[in-house]
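Input: a single structure, listed below in structure tokens.
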2 protein chains.
Amino acid sequence: MRSADPPKARAVAEVGLGLRDRKKLEAAATLAQVAKRLFAARGFAEVTVDEIAAAANVSRRTFFRYFPQKEDVFFGRRAAQLAELEALLDAPDREEAPFATVRRALLSLADLHVESRGEILTEHRVLAGSPELLARDLEWDRRVLDILAVVLGRGGGDPRRARLAAAAIVGVLRVVIERWVDSGGRTDLRAEGDEALMLLAPMAPPRGRRGRRSFDVGHSGLKPGAARPT
Amino acid sequence: MRSADPPKARAVAEVGLGLRDRKKLEAAATLAQVAKRLFAARGFAEVTVDEIAAAANVSRRTFFRYFPQKEDVFFGRRAAQLAELEALLDAPDREEAPFATVRRALLSLADLHVESRGEILTEHRVLAGSPELLARDLEWDRRVLDILAVVLGRGGGDPRRARLAAAAIVGVLRVVIERWVDSGGRTDLRAEGDEALMLLAPMAPPRGRRGRRSFDVGHSGLKPGAARPT
DNA sequence: TAACATTTGACACCGAGTGTCATCATGCTA
DNA sequence: TAGCATGATGACACTCGGTGTCAAATGTTA
């Protein structure tokens, strides 16, 4: 969505796929792209699915085949972001303290945010203008929370405490991002994020002498050994 | 909402009101009551507004006059809860440290939760079964965050730090409540809440030597002097 | 009781979301 | 290369949430 390709807006790797699948990717990409442009211009609620579909030259029904809900066309990035996070957290260095792993991963994520500043800022502008999107957006934080809780629990400390720390981290980072967005991306996201994180460092479960328990990670839906980039 | 009256489910003070307004209160109460019963039985999404309206002997259109959105009939409590919180935070003792005020208020709120255990547990069960409600529910946390941020900022410390602390508190408490709900209300909500809070005590802004600044409270929508029970 | 104000219900309409089915393009195979 | 199986598409119809409009019913006040 940054580089302008000669023919069309090309998605990711369209190679090694049949024409059928390439078309599918392109259709989805076009829909998302068109939709975001419309949302940015007039707000999420003011844009109808019919319009998006028409602008992308597909039928309304087809739109819903690609995006089960209108909101999904907006939150396309999220799934990828989660995957990125999990990849970053898949600590190569198993000796590293869990909190350090989390810190490193989140700061990298901050860098990625800054890299796509433009996109993310407009995204948040749309978000801010739409309560329903805002609400859905908060749900992603829960997903992040689950992931972080698992990682923080790796140390073997009290998993409940790990989850508390994860919750605090997620909450605090949202505020930092919020501030970054409000400043138009001018504040130093990485620095402020790190500052906030270090405030929470003492919350991480102290080196665990409860190593035996690997159960009760709470609401997690993540397998302890999962998370490889693919 | 606590005492059971002989004739109907009576709302609050129905005295000193004309017949018109009494009917209005009763209609709203009936709708909410009927709706909650249906939601609890079959889930939020499976119950249609028509059903609720029919069960309450009003037209569909009338339902929407009382509750602009279907979701609103579910979140009736929330507004009251926020008011309670603000009342609790309206510290009588201005010498008390902001964090202590927050702690006191939140623990009182925990007690209230425990008092209405039954209601709240079923409420959360419905919530858990409905992504849209869950999403909306998270928005209330933001409101709480705003309120707490203001109070924590009273001490005169860095208001940004106050907001960070508020975010951490809200995030952490949601986890505690989540655990309480999952346990069927058997864990000690107050104790676990306090434990979690004390973990965050060091986050509260250190005694402020920046007393001059009263601006930049961030996303708050709360007037510093507001919050009296009414 | 008469005049006024407000609430209600009926109707019509829009947009999101879903099931169904005929049609058409793709990809594989003879 | 012809043909067939598979799967994507578009058209249609329908449900449900949500809203505007207006006439009828109900409450309030003089």
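We name chains A, B, ... by the order of the sequence lines, and we start the count at 1 in each one.
- No donor-acceptor contact under 3.5 Å links the side chain of B:R65 to the base of D:dT19.
- Distances shown here put a side-chain N or O of B:T62 below 4.0 Å from the OP1 or OP2 atom of C:dG9.
- Side-chain N/O atoms of B:R61 and base N/O atoms of D:dG20 include a donor-acceptor pair closer than 3.5 Å.
- Contact annotation: side chain of A:R20 to base of D:dG7, donor-acceptor pair absent below 3.5 Å.
- Applying the 4.0 Å criterion to OP1 and OP2 of C:dT7, one finds that B:K24 has a side-chain N or O inside that range.
- A salt bridge links A:E178 to B:R142: one of the charged nitrogens lies within less than 4.0 Å of a carboxylate oxygen.
- Put simply, B:Q69 has no side-chain N or O that comes within less than 4.0 Å of OP1 or OP2 on D:dG17.
- In A:R143, the CZ atom is not crowded: 12 or fewer heavy atoms of neighbouring residues, nucleotides or ligands sit closer than 6.0 Å.
- Using a 4.0 Å heavy-atom distance criterion, A:Y66 is classed as a sugar-phosphate-only contact.
- For the pair A:K23 and C:dT26, the criterion of a side-chain N or O lying under 4.0 Å from OP1 or OP2 is met.
- Applying the 4.0 Å criterion to OP1 and OP2 of C:dA16, one finds that A:T48 has a side-chain N or O inside that range.
- No hydrogens or angles were tested; on distance alone, a donor-acceptor pair under 3.5 Å links the side chain of A:R60 to the base of C:dG17.
- The backbone N or O of B:E119 sits less than 3.5 Å from a side-chain atom of B:T122, completing a donor-acceptor pair.
- Residue-environment remark: CZ (A:R174) exceeds the threshold of 12 foreign heavy atoms within 6.0 Å.
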